[in-house]
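Throughout, a chain's letter reflects where its sequence line sits, starting with A, and its residues are numbered from 1.
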There are 2 protein chains.
Amino acid sequence: MTSDTSTARRSSRTGETWTIAQVAEAFDVTHRTVRHYEDLGLISPERRGTQRVYHRRDRTRLGLILRGKRLGFPLEEIRTIIDLFDAPRGRRTQLEYVLDQIDERRTDLEQRLRDVQDAIAELGEFERRCRDDLGRLDHV
Amino acid sequence: MTSDTSTARRSSRTGETWTIAQVAEAFDVTHRTVRHYEDLGLISPERRGTQRVYHRRDRTRLGLILRGKRLGFPLEEIRTIIDLFDAPRGRRTQLEYVLDQIDERRTDLEQRLRDVQDAIAELGEFERRCRDDLGRLDHV
DNA sequence: ATAGTGCTTTACGTTTACGTCAACGTCAAG
DNA sequence: CTTGACGTTGACGTAAACGTAAAGCACTAT
């Protein structure tokens with residue numbers, strides 16, 4: 001049940017690789033979820049015959065996808081974001097486009113940041129009031 | 001088209017009130033969305049005859065709902081959270097339950113906070129690399 | 001009186017993000 | 001050579017979060 005190196009890794013000149021079951025377990029999702037992300041073009045694992053072979057790159061992407069999900073972004077939007085990281089940046093127009101996109105994303109993320117900070121602050125305030133109430137109960 | 005006080009407010013001894021169209025516009029959602037939240041029990045506006053009448057309390061809740069959505073929480077979970085703020089806290093057991101819930105929420109929010117901060121940091125790093133590329137183009 | 005504007009409910013449609021079979025391929029172990 | 005364990009592709013199902021008519025009530029303005 002613990003990591004069995006003989007099956008957990010399959011040697012390759014490009015480094016370690018994983019099966020779908022392994023990445024699914026590692027990220028605590030189902031294989032169906034992983035395949036769904038592939039259907040939407042968010043990851044594209046290597047094929048060895050008919051089998052999917054996942055590399056570190058795929059794991060990185062999967063991590064980005066799941067974090068994006070926790071932040072409430074739809075998968076389609078997540079795709080455009082992580083594609084951005086691999087986008088061609090050779091020509092000036094391409095680079096300027098990418099920088100524009102980065103700015104849009106940042107604006108969005110900064111709104112999220114404010115949202116989380118506000119929510120945590122309000123929760124703290126609410127907790128303080130509750131502890132006050134609790135103190136009054138003790139006092140009597 | 002600007003704010004018309006004669007229709008924007010309807011006097012009441014409990015302060016200003018709004019129609020469904022007004023709150024929908026104020027929060028940039030459709031009336032259908034507002035009614036959907038009511039169906040799920042997230043808001044419960046006053047009724048005057050058959051018409052819905054929204055008070056400041058309802059606007060506050062709507063703000064919390066939309067912020068929760070931006071953070072990726074499902075509506076059902078949002079309902080339990082904002083209900084928590086109005087939950088009875090008279091008895092010790094109730095207070096302790098509420099404090100427990102607060103802690104759970106905070107854990108969740110702190111994960112979100114890390115997610116956003118990480119995402120912003122990575123975006124910044126990526127932007128730096130892009131600007132480097134751009135600089136190299138200028139240099140040549 | 002009638003037309004218009006805004007609100008109401010009812011109800012079916014749609015999109016997203018998977019879950020859940022079904023049916024079949026493949027490879028090592030017994 | 002058959003039996004598992006694991007992998008594969010459809011294909012249909014489902015829950016959440018609304019969208020989108022359809023059809024009717026209430027008030028106001030002409």
Heavy-atom closest pair, residues B:Tyr54 and B:Val23: CB-CG1, 3.8 Å
Results of ring pair (Phe, Tyr, Trp, His ring centres under 6.0 Å) for A:Tyr97 - residues two or more places apart only: none
side-chain hydrogen bond (donor to acceptor under 3.5 Å, both in side chains), paired with B:His55, selected from B:Glu46, B:Arg61, B:Glu16: B:Glu46
Toward the 5' end of DNA chain C, by each residue's nearest nucleotide, B:Glu38 or A:Arg35: B:Glu38
Stepwise side chain to side chain donor-acceptor pair (under 3.5 Å) test for A:Arg114 and A:Gln117: CA-CA 5 Å; A:Arg114 280 192 297 276; A:Gln117 287 171 340; over 6 Å; no
Detail all sub-3.5 Å separations between protein N/O atoms and N/O atoms belonging to nucleotides 15-19 of chain D.
residue	atom	partner	partner atom	Å
D:dA17	OP1	B:Leu75	N	2.8
D:dC18	OP1	B:Lys69	NZ	3.1
D:dC18	OP2	B:Tyr37	OH	2.7
D:dC18	OP2	B:Lys69	NZ	3.1
D:dG19	OP2	B:Thr30	OG1	2.7
D:dG19	OP2	B:Thr33	OG1	3.3
D:dG19	N7	B:Arg32	NE	3.4
D:dG19	O6	B:Arg32	NH2	3.2

Distance-only polar pair, side chains of A:Gln51 and A:Arg48, donor-acceptor under 3.5 Å: no
All side chain to side chain donor-acceptor pair (under 3.5 Å) counterparts of B:Arg47, not counting sequence neighbours: B:Glu38
Gap between atoms CG and C1', on A:Asp39 and D:dA11 respectively (whole Å): 12 Å
Integer-rounded Å distance: C:dA17 C1' and A:Arg79 CZ: 15 Å
Separation of atom CD in A:Gln22 from atom C1' in D:dC6, rounded to whole Å: 11 Å
B:Trp18 CH2 to C:dC7 P, straight-line distance once rounded to whole Å: 15 Å
Presence of salt bridge, B:Asp86 and B:Arg57, under 4.0 angstrom: yes
Axial cation check for B:Tyr37 ring with B:Arg79, 6.0 Å and 45° limits: no
CG/B:Asp28: more than 12 non-hydrogen atoms of other groups inside 6.0 Å: no
Residues in contact with DNA chain C, drawn from residues 56-66 of chain A - heavy-atom cutoff 4.0 Å: none
Full working for side chain to side chain contact (heavy atoms under 4.5 Å, CB included) between A:Val34 and A:Asp58: CA-CA 10 Å; A:Val34 177; A:Asp58 301 307; over 6 Å; no
Distances under 3.5 Å only, N/O to N/O: pair up the protein atoms with those of nucleotides 23-26 of chain C.
none

Residues which pass ring pair (Phe, Tyr, Trp, His ring centres under 6.0 Å) with A:Phe27, listed by chain and number, not counting sequence neighbours: none
Given DNA chain D, 5'-ward residue of the pair B:His31 and A:Ile20, judged by closest heavy atom: A:Ile20
